[in-house]
Structure formats: C-alpha cells, structure tokens
Amino acid sequence: MNASTSLARVIVRQIIEAGITDVVISPGSRNAPLSLAFNAAATRGLIKIHVRIDERSAAFFALGLIKSTVRSVPIVCTSGTAVANYHPAVLEASHTNAPLLVLTADRPAMLRRTGANQTTEQARIFGKAVRYFADIDGPVFPMDLPLDSLRTGPVHLNLQFDEPLLPDASTAWLDEIVVGATKTLPSAKVGTLKVQGSRGVLVIGHDRGGLSVDEVTGFAKKLGWPVIAEDPLSFPDAIAHASIFLTSMEIRSVLIPQVAIVIGRTTLSRSVNSLIKLAPVQCVIDPRMATIDSDRTGDKKFTSIPTLQTQAASDEWIAQWQKYSQRCAKVISEIDGWNEANIARVISASIPDGSALFVASSRPIRDIEGFATPRGGLSTYANRGLAGIDGNISTALGVASGHKQSFALLGDLAFLHDLTGLIHREDINCLFIIINNDGGGIFSTLPQHGIEGFEEVFGTPHGLDPAAIAASMGINSRTVNSIDELKKAITVPVKGVSVVVAKVPTREANAENLKLIYEKMNSI
Ligand SMILES: Cc1ncc(C[n+]2csc(CCOP(=O)(O)OP(=O)(O)O)c2C)c(N)n1
Ligand SMILES: [Mg+2]
C-alpha cells in the first residue's frame, strides 16, 4: 500500500472509531487519498459523505451539522486556495468552540517555495483560530491529541500526500473498523455563585455560550430572577420585548439591577448591554472564557453552570419587569401591516412546534429578539461567534440536515452572499424566508444613516430578485407581499428546499418605523 493511501486510511479509521458520523468533502486531486478512503467507508455505511464544491460553503455546512448533531464534523479539501476558503468558518468555529476537524491535503513539504503548482504555505494558515495543528507526512498518524483538542474548538491537520495518490483495491481495512459511540464532553468543575440582592436579572446570550437550553432553563428556574433572553424562542418564560422597552433610558433607570448574571455573550442590542453595565455586580457564565474569551471581564466568572447561593427576587422587582413588558407587548400588538417588525413577530409565532430555525445576522435576529413573543417548541440556531453574513445558507442547510423540518430567516444580502450554498440540497427540508429590503437595512438604524455616500457604501442596493435567482437553480420559490400570504407559506409542511421572499418596504421606512416604536417606549 502506498504511503498516501495508508495515511488516509489510518485517519479515516480513527475518525469513525471516535464516533464521528458525517464528513463534508470538496472535490480535488491532492485530497484523493482521503476522499476515496471516506468514500469506501461510506459505501459500507460507516460514515455519511456530503459533497460541496465550494469550500467556504462546505465548511459552513459542516458548522451547521455540528450545531444540530452536537458532534465533530471533518471537512476535506485539496491544496491551495481551497484551504483559504475554509477560513471564515474556522473563525466562526473558533469563536463558538465548535469541533470542526479541518483536513487539508498538501503536496510534500519539499515542494513548498519551488514553483510547484497549487502549493502554498498551508501550515498554521489558520493561526490562533485552531486549538491544535499538525503538518503530517508519512504513512501513519495517531489522532488522540487532535481528537481531544476538538473538545474546545477547531483542529487543523495538514496532510502531505505524495504521489501515487490512488489506492489499491483492497477493502480489508474496512473490516477492522469498529464504529465508535458518540462521546459527550466531560463537564468542567462546578463553582458556587454567591451574591446578595433581591433585584437581580439573568441575561442569556443568543447561543448561551454553547450551553444547552435545558441546562440554562434549569439554572434560570432555580434562580427565579427576571430573564432577558436574546433568543426568546428558546425561553418561554423570558421577559417579552426587553430589548425594546430597555431602549428607554427612563425605564432602564427604574430597572437598574443589583446583580446581572450573563450567560454567554450579549451581541444583539445596545439597550440590553446598557442595562448590564448599570449593574454594580456583574457575573459571567461562559465556557468560552477558557479558550477564546480569556480576557472577559466580570466580578465573578464561571466556565460552567455554578450552584447557587442567591436571594429570591422580590415580588415588587418581578412585578416591575412584568409591568413594562406587558405595556410594551400592548404597543407591539398594535403594530400592524407589512413591515419588518410585524413580519418577525408573525414568523416567530407561526413556525410549527418541532421545527428548527436558523436566523441570520443583521436585522432578522434583532427583530426576533425584540418583537417575538417568547415561546418554546423550536430549536433555534445562529452564527453568533463572529456574526458574519457569510455562509448563512450553508449553515442553515447543515442545521436542517439534522432536523426533519427547518426554516431559515435571512436578509437579502446574507442570502446573496452564500448562493453557492444552494447548489447541493440532498435529503434536506428547509424553507428559506428572505426579507428583501434591497440592501443592508441595519445600516439605516445606525449613526452613519444619511451621511454622504450612504447608499453606495452602506445601503448597497442590488436590484436583484432572490426568488428568480433561486428559481434559476431549480428551487421552488415565490414572493409574498402580505402577512396572510406569509403565514400560509410558513404553515404548510416543508418538503425539500424552497424559498419565500418577503418583499418589504424601503430600509428607510423600516428605520423610521423602529424609531417610532422606540419613541413610544418613553411614554409607556
Ligand atoms: C461577512 C460579513 N461581511 C460584512 C458584514 C457587515 N454587515 C453586517 S449586517 C450587513 C448587512 C446585511 O444585510 P441583509 O442581510 O440584507 O440584512 P438587513 O440588514 O437588511 O436586515 C453587513 C454587510 C458582516 N457581518 N459579515
Ligand atoms: Mg437587507
């Protein structure tokens, strides 16, 4: 057996024996030993292969799979620019401790800097974004260290494959593979959170620092304090619309907490972050402080859910939060018509129980945070590690690959950014809802709004029709222009991949509408 085939088989075997079930492969010659070894294993049902021609999409798809299956997923590509296309998803994985196993094929090291085709410096190309790196040659490689490092984030193995790259016909190596059980990660040492105060608040960042909804819900119940959830679709008992009513400085000043406990990172609303800053004591619970956010500030810091020595919230404190929440809910219930706030509210309420929902960065995730009535019954996902608008279609499809029925809510720019993600759609049921405001609507809500050159460098209108683009790729797509049509589109069972475009009024009108809603908060 040649050295390249041997190395590939040794690696594939150890991956399957570690309990890994899916691999995402992109086509290329240099990675032939790995692609063929994985393919041989797949024909025996030992692993499932997903093929993606665009490596950026491939890596984000793998991230989605990791999110929905809570397992490590390897990605395999050839040498050269293919490797660099993994970089955005590797960064997102690094900032969310996602166990992305990056397997890049390379030419032998002696060919570097010699003018050899498709040969560049791949060693350590992802820098500090990976927890473990090895530049590997030879016929064998023990995977214990890289597999262990996956517990805290992405790992990069650069595999130097010399010719010949094609294997012999032997399949005996497959007979010896024992499929591993999926391992759950050991939890960190449990600390004790001891604070005084009956006016505390618990703030839950969108992806909970990677902690499960169940873990966080259990903690919130024990604590019994008012809960602000960036993801109200995972915490039915959260205070509704906190990010909206806290835009009022007056309300914030009434609701200054004695203690704020933050789980994960809060990245969505200035209003919520301003409230946290007002608390004289701030506690943080976030497993990622052990890796990527090691300089995080906080009066007390925990990398796992602590046991509690806290006081119950006073009835008066809880009543105050409920009062503002209910008043705000009344204002929001009066929002009518075809606008982004109402669309977010309706989507949040209409998605059937048991579905998964991926929400893209920018306005969609903030509109859900603000306008949704808290509920359960869904599994929600987002890329909040670095909040990129790249790779969102692919991540959503990776998520959907692990669920029976999924929805994905994206802005038009996030949609256009990742069109190659739509090329492969095998066995996936996902309805994409695209909020088309012809550009980056969020910028109209930020201070740069209205300055010279705003449309050219921030608004960036494109005039394209996302439904027509998707249709040209053979995807069932249509455009809706009313709440009724939208509701109907959401409530039919999702079969295959389809696209519904909500063509909304101008970004300008949306920003104006939000401003009016925030102004109303000052008088509730
Ligand atoms: C990869 C990447 N490039 C640029 C940005 C900066 N960015 C944040 S939001 C946004 C606009 C997104 O527009 P769209 O998806 O249409 O959502 P909308 O703002 O209209 O709700 C941009 C360009 C980013 N977050 N990620
Ligand atoms: Mg937009």
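Counting starts at 1 for both ligands and their atoms, following the listed order. Keep in mind the model is a prediction, meaning the values are calculated, not measured. FYI, side chains are in, hydrogens and waters are out, and symmetry mates aren't considered; it's all heavy atoms of this structure.
Looking at atom 21 (O) of ligand 1, its nearest protein heavy atom turns out to be R363 CB, 3.0 Å. Looking only at heavy atoms of the protein, atom 6 (C) of ligand 1 is closest to F443 CZ, 4.4 Å. From the protein, the heavy atom lying nearest to atom 19 (O) of ligand 1 is S362 OG, 2.5 Å.
On a distance-only criterion, I442 and ligand 1 share at least one N/O pair closer than 3.5 Å. When only interatomic distances are considered, the shortest N/O to N/O separation between D390 and ligand 1 does not fall below 3.5 Å. Every N/O-N/O distance between E340 and ligand 1 stays at or above 3.5 Å. Taking distance alone, with nitrogen or oxygen atoms compared against 3.5 Å, G439 approaches ligand 1 more closely than that limit.
Set against the non-hydrogen atoms of G388, the atoms of ligand 1 under 4.0 Å away are 25 (N), 26 (N). Every atom of ligand 1 with a heavy atom of P364 under 4.0 Å away is listed here by number and element: 21 (O).
Not less than 6.0 angstrom separates the ring centroid of H462 from the ring centroid of F415.
Per residue D412, closest N, O or S atom to the Mg ion (ligand 2): atom name OD1.
Neither the backbone nor the side chain of F415 has a heavy atom within less than 4.0 Å of ligand 1. Looking at A360 against ligand 1, nothing comes within 4.0 Å, counting heavy atoms. Contact annotation: for I389 versus ligand 1, heavy atoms closer than 4.0 Å belong to both the backbone and the side chain.
Ring geometry for H156 against F133 counts as tilted: the plane angle lies between 30° and 60°, on a 0 to 90° scale.
Side-chain N/O atoms of T104 and N158 include a donor and acceptor closer than 3.5 Å. Counted by atom type alone, R52 and S394 present zero donor-acceptor pairs between their side chains at under 3.5 Å.
Rounded to the nearest 0.5 Å, atoms CG (N31) and OG1 (T78) are 4.5 Å apart. Summarising the geometry, atom CE belonging to M289 is positioned 10.0 Å from atom OG1 belonging to T297; distances are rounded to the nearest 0.5 Å. Put simply, CZ on R366 and CZ on F371 are 12.5 Å apart, with the number rounded to the nearest 0.5 Å.
Heavy atoms of P88 stay at 4.0 angstrom or farther from ligand 1.
Evaluated by nearest non-hydrogen atom to atom 11 (C) of ligand 1, the leading choice among S361, G440, G459, P466 is G440. When the options A414, G441, A387 are ranked by their closest heavy atom to atom 20 (O) of ligand 1, first place goes to G441.
Between the side chain of R252 and the backbone N or O of L246 there is at least one donor-acceptor pair closer than 3.5 Å. Using modelled atom types, one side-chain atom of N392 and one backbone atom of D390 make a donor-acceptor pair closer than 3.5 Å.
Between the OD1 atom of N437 and the O atom of G439, the angle taken at the Mg ion (ligand 2) works out to 80° after rounding to 10°.
Residue I393 forms a side chain to side chain contact (heavy atoms under 4.5 Å, CB included) with just one option from V499, L422, I434, and that option is L422.
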- Task: Output, in order, the C-alpha distance, side-chain angles, deciding distance and verdict of side chain to side chain contact (heavy atoms under 4.5 Å, CB included) for I423 and M473.
- Result: CA-CA 7 Å; I423 296 170; M473 298 172 92; 4.0 Å; yes
